[in-house]
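Read the structure below first, then the notes.
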Amino acid sequence: MKLADNKATLSFSNGAPSIEFPVYSGTVGPDVVDIRKLYGQTGMFTYDPGFLSTAACESAITYIDGDKGELLYRGYPIEQLATNCDFMETCYLLLYGSLPDQAAKTQFSDLVTNHTMVHDQMHNFVRGFRRDAHPMAILTGLVGAMSAFYHDSTDIHNPEHRKISAIRLIAKMPTLVAMAYKYNVGQPYMFPRNSLSYAGNLLHMMFANPCEDYVVNPVIEKALDRIFILHADHEQNASTSTVRLCGSSGTNPFAAIAAGVACLWGPAHGGANEACLKMLEEIQAMGGVEKIGDFITQVKDKNSGIKLMGFGHRVYKNYDPRAKLMQESCKEVLHALGLENDPLFKLAMALEKIALEDDYFVQRKLYPNVDFYSGIVQRAIGIPTSMFTAIFALARTVGWIAQLDEMIGDPDYKIGRPRQLFTGAAQRDVVAIDKR
Ligand code: ACO
């Protein structure tokens, strides 16, 4: 970051002296006012619940221009990455900052492929869960448990440990996700296949069984790979900030990523695609396209507590570029599977059209986000709704790792410790229990 030409001045109406703060510029995007000395100089904090106006770190990984509907990984537009690159190249880019040439890509993919198996005792660990446990509950546990299985890569301050744990996490995540699924459905686990691509391997581990051959459908493989690319990183979102905050205490990388998985689970974040598909199914059960009007009326009624899931985004206030790419994949997959007339897809298209023309959504700049279509694609592939967020977690793992690594390497990095505006009781004395 570099110092901007101007400075920010904070003045007070009570006559207290005003204070100047430096302003920094990034490569693109809004400048930031450096308020680090605010407390020291004034005894005051800033108040910004939900971090609506707070940059908590400097980052060179992902950039979003919410008004333009632009998403860049290391400077490359998501549209170009999704159409010209695969997930392994995207992982390499996010981790190391540049796109690999063919030799570097092969070496990286081989490294990942050679780390896909998990410690055999992980299988016993999974057996401790109820069969009907939510896959995200299993995944949160399994990722956290990795720190108990891979003792040789738990020092977050050791670059070599971070490098090994990064590869282990990216490589083993599909294996863990597939294990959570197989355990749910009561089928034996399928071991990873080194001859398959990253996405193809997940399909194999989820849908193959030991009794017959399984052939990966290339259209589905490509769509799944695109889902991974689109979800790989997204700036300082809730789960990424969780990973940074958790990692800032010096905890091991597996524990920090497990914290990210837990945060992602929520319906306002990674759980939205699951919630979106459930919503579409409910509207379909109510009567489908005919009932969209009634549903939109409920959404607009603030007392109903009903949201149009898959719509709206904290940052995108024009459109989510990932939604367009996902809609494209959705069409390809439904066509390849002969599901062009899928009623939920038709319902989603109709719902999107009606919402985009409605004043409520127009005024609030609410557009479909990536989750509006990703659920339909995953459902067509045969992935159950309860697994959607686990697939998202798998894809976001590389982003979490890249962000964690960047934080540890930042000379300004400190343990994260927000302040508060205290509104509870001031000091008071404890009264003996018989006198309360
Ligand atoms: N349906 C109906 N109204 C909405 C929606 C929605 N999906 N999203 C926002 N609004 C309304 C809010 O009620 C608010 O209205 P008001 O100004 O009258 O009070 C206004 O739009 C602004 O919304 P906020 O909640 O303040 O926006 P915020 O940036 O805090 O929230 C969020 C963003 C959480 C994503 C929200 O849009 C939402 O809950 N969407 C549905 C869940 C979803 O799809 N999440 C996925 C996010 S993408 C991802 O994680 C990959």
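First listed ligand is number 1; within each ligand, the first listed atom is number 1.
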For ligand 1, output the ligand-protein N/O contacts shorter than 3.5 angstrom; if there are none, return none.
unit_1: ligand 1; atom_1: 1 (N); unit_2: Leu308; atom_2: N; d: 3.0
unit_1: ligand 1; atom_1: 3 (N); unit_2: Tyr360; atom_2: OH; d: 2.9
unit_1: ligand 1; atom_1: 7 (N); unit_2: Leu308; atom_2: O; d: 2.7
unit_1: ligand 1; atom_1: 7 (N); unit_2: Phe311; atom_2: O; d: 2.9
unit_1: ligand 1; atom_1: 13 (O); unit_2: Lys302; atom_2: NZ; d: 2.7
unit_1: ligand 1; atom_1: 15 (O); unit_2: Lys302; atom_2: NZ; d: 2.8
unit_1: ligand 1; atom_1: 15 (O); unit_2: Arg364; atom_2: NE; d: 3.2
unit_1: ligand 1; atom_1: 18 (O); unit_2: Lys302; atom_2: NZ; d: 2.9
unit_1: ligand 1; atom_1: 18 (O); unit_2: Arg364; atom_2: NE; d: 3.0
unit_1: ligand 1; atom_1: 18 (O); unit_2: Arg364; atom_2: NH2; d: 3.0
unit_1: ligand 1; atom_1: 19 (O); unit_2: Lys302; atom_2: NZ; d: 3.4
unit_1: ligand 1; atom_1: 29 (O); unit_2: Arg314; atom_2: NE; d: 2.8
unit_1: ligand 1; atom_1: 30 (O); unit_2: Arg314; atom_2: NE; d: 3.4
unit_1: ligand 1; atom_1: 30 (O); unit_2: Arg314; atom_2: NH2; d: 2.9
unit_1: ligand 1; atom_1: 39 (O); unit_2: Lys307; atom_2: NZ; d: 3.1
unit_1: ligand 1; atom_1: 40 (N); unit_2: Phe311; atom_2: O; d: 2.9
unit_1: ligand 1; atom_1: 44 (O); unit_2: Gly310; atom_2: N; d: 2.9
unit_1: ligand 1; atom_1: 44 (O); unit_2: Asn369; atom_2: ND2; d: 2.9
unit_1: ligand 1; atom_1: 45 (N); unit_2: Ala268; atom_2: O; d: 3.4
unit_1: ligand 1; atom_1: 50 (O); unit_2: His269; atom_2: O; d: 3.2
unit_1: ligand 1; atom_1: 50 (O); unit_2: His269; atom_2: ND1; d: 3.2

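- The backbone N or O of His313 lies less than 3.5 Å from no partner atom in the side chain of Asn369, so there is not a single donor-acceptor pair.
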Using the side chain to side chain contact (heavy atoms under 4.5 Å, CB included) rule, take Val33 and Leu10 through it: C-alpha gap first, then chi angles, then the decisive distance, then the call.
-> CA-CA 11 Å; Val33 181; Leu10 179 65; over 6 Å; no

Ring pair (Phe, Tyr, Trp, His ring centres under 6.0 Å) assessment of Tyr183 paired with Phe129 = CA-CA 9 Å; Tyr183 186 70; Phe129 286 95; 7.4 Å; no

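- With 3.5 Å as the limit, one finds a donor-acceptor pair spanning the side chains of Ser59 and Glu406.
- The closest donor-acceptor contact from the side chain of Lys2 to the backbone of Tyr24 lies at 3.5 Å or more, if one exists at all.
- Residues satisfying the side chain to side chain donor-acceptor pair (under 3.5 Å) criterion with His335, sequence neighbours excluded, are Glu340.
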